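Input: a single structure, listed below in structure tokens.
Remember, predicted model here, so these are calculated numbers, not experimental data. Computed over heavy atoms, backbone and side chain alike; hydrogens, waters and symmetry mates excluded.
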Amino acid sequence: MTASNKKAFKEGLRDGIPIGLGYLAVSFSLGITARASGLNWIQAFLASATSYASAGEYAGFIVIGEAGTYIEMATMILVANCRYLLMSTALSQKLSRDMPFYHRFLIATHVTDELFGINIARPGKLEPAYDYAAFLACGPAWAIGTAIGVVVGNALPYNIVSALSVALYGMFIAIIIPPCKKNKVIAGIVAVSFALSYAFEKIPLFSSISSGTKIIILTVLISALAAAFFPVKDEEPAEQKEDGNG
């Protein structure tokens, strides 16, 4: 491992540990849902160890609890997780053109809201070592928290479990604040996103739409408007810069 990769790996661990603590708390409440749906801790652990999607897993557990069909489960999880298609598309722009396929494949297997946030906010191209380290620091916590929720979740008062779920929102705020301080355009876009998200919850026409669909609609709409009015210039390839300075 090169010195650059070692540095990126350490930074990934540093940024992934706080996310892991948040995952531990949030997946704890997910484990309670799994238990209510009839899953034991091993089944819940395996579900979270192979699927890092809170909304998708929650939808899956609900279908299991109601003895739904595989088609119903697949449809619900697809709708709940469609936002990851948008995240993966955006994240692909951070990958260098010569990155091997296996790195692209492995990175794609664990795209989550939080990992997307720290990867997209990191300057320059995405280093696989950084992404892998961040995932190693937080991924296991998601599965472990779900299993713990199944085992001891019902022993805790409901208000405490609900309070634990708020931790992840604090993490989102910590991710978006630094870029907002550096760039007024980003700050404005974030403010508009908050306002429109709130409006979509209150307007009767949109309030009945699933949360996953709302996220997709708002993401496409806001990002398209931002790209049209505040385009970001592509960086010149290194060889062109050298030729220009030659």
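The minimum heavy-atom distance linking Gly16 with Ala137 is given by the pair C-CB, 3.6 Å. For the residue pair Leu24 and Ala141, the shortest heavy atom distance occurs at CD1-O, 3.5 Å. The shortest heavy-atom contact between Glu57 and Ser48 is OE1-OG, 2.7 Å. The minimum heavy-atom distance between Gly145 and Ser27, with the atom names listed, is CA-OG, 3.2 Å. The shortest heavy-atom contact between Leu13 and Ala133 is CD2-O, 3.5 Å. Residues Asn5 and Ala129 share a closest heavy-atom pair of O-CB, 3.7 Å.
Separation of atoms OG1 (Thr75) and CE (Met73) is listed at 11.0 Å; rounding is to 0.5 Å. We find the CD1-CG distance between Ile118 and Leu126 to be 9.0 Å, quoted to the nearest 0.5 Å. We find the OG-CZ distance between Ser88 and Arg104 to be 12.0 Å, quoted to the nearest 0.5 Å. Atom-to-atom distance recorded for Thr112:OG1 and Met87:CE is 8.0 Å, nearest 0.5 angstrom. Note that the CD1 atom of Ile17 and the CG atom of Asp15 stand 9.5 Å from one another [nearest 0.5 Å].
Here the options are Asn119, Leu115, Asp131, the test is side-chain contact (heavy atoms from CB on, under 4.5 Å), and the partner is Ile107; only Asp131 passes. Of the residues listed (Ile144, Thr146, Thr50), the one engaging Phe45 in a side-chain contact (heavy atoms from CB on, under 4.5 Å) is Ile144, and it is the only one.
Surrounding NZ of Lys10 are at most 12 heavy atoms belonging to other residues, nucleotides or ligands under 6.0 Å away. In the displayed structure, Phe200 atom CZ is contacted under 6.0 Å by more than 12 heavy atoms of other residues, nucleotides or ligands. Heavy-atom neighbours of Ile203 CD1 from other residues, nucleotides or ligands within 6.0 Å: above the threshold of 12.
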Q. When you look at Leu39 and Val150, which way does the side-chain contact (heavy atoms from CB on, under 4.5 Å) test go after all the steps?
A. CA-CA 8 Å; Leu39 278 70; Val150 173; 5.8 Å; no

Q: I would like to know whether Trp142 and Val26 meet side-chain contact (heavy atoms from CB on, under 4.5 Å); could you show each step before the answer?
A: CA-CA 8 Å; Trp142 181 255; Val26 174; 4.1 Å; yes

Q) Which is it for Thr109 and Phe135 under the side-chain contact (heavy atoms from CB on, under 4.5 Å) test, yes or no, and what are the steps along the way? A) CA-CA 10 Å; Thr109 60; Phe135 173 72; over 6 Å; no

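Within the structure, ring-ring contact (aromatic ring centres under 6.0 Å, His included) contacts touching residues 60-98 (residues at least two apart or in different chains) do not occur.
At a threshold of 4.5 Å between side-chain heavy atoms, the hydrophobic network of Ile, Leu, Val, Met, Phe, Trp and Tyr places Leu196 and Phe229 in one connected group. Val111 is connected to Leu95 through a chain of hydrophobic side-chain contacts under 4.5 Å among Ile, Leu, Val, Met, Phe, Trp and Tyr, so both are in one cluster. Taking hydrophobic clusters as Ile, Leu, Val, Met, Phe, Trp and Tyr residues chained together by side-chain heavy-atom distances below 4.5 Å, Phe105 does not share a cluster with Leu136. Tyr58 and Leu78 end up in different hydrophobic clusters when Ile, Leu, Val, Met, Phe, Trp and Tyr side chains are linked at under 4.5 Å. At a threshold of 4.5 Å between side-chain heavy atoms, the hydrophobic network of Ile, Leu, Val, Met, Phe, Trp and Tyr places Ile77 and Leu85 in two separate groups.
Ring geometry for His103 against Tyr132 counts as tilted: the plane angle lies between 30° and 60°, on a 0 to 90° scale.
With hydrogens and angles ignored, the 3.5 Å screen pairs a side-chain donor or acceptor of Gln43 with a backbone N or O of Asn40.
Not a single side chain to side chain donor-acceptor pair (under 3.5 Å) links Ser51 to another residue, sequence neighbours left out. In this structure Phe116 satisfies the ring-ring contact (aromatic ring centres under 6.0 Å, His included) test with no other residue, sequence neighbours excluded.
Looking only at side-chain heavy atoms (C-beta outward), Glu11 and Arg122 come within less than 4.5 Å of each other.
By the 4.0 Å N-to-carboxylate-O rule, Lys7 lies too far from Glu127 to be salt-bridged with it.
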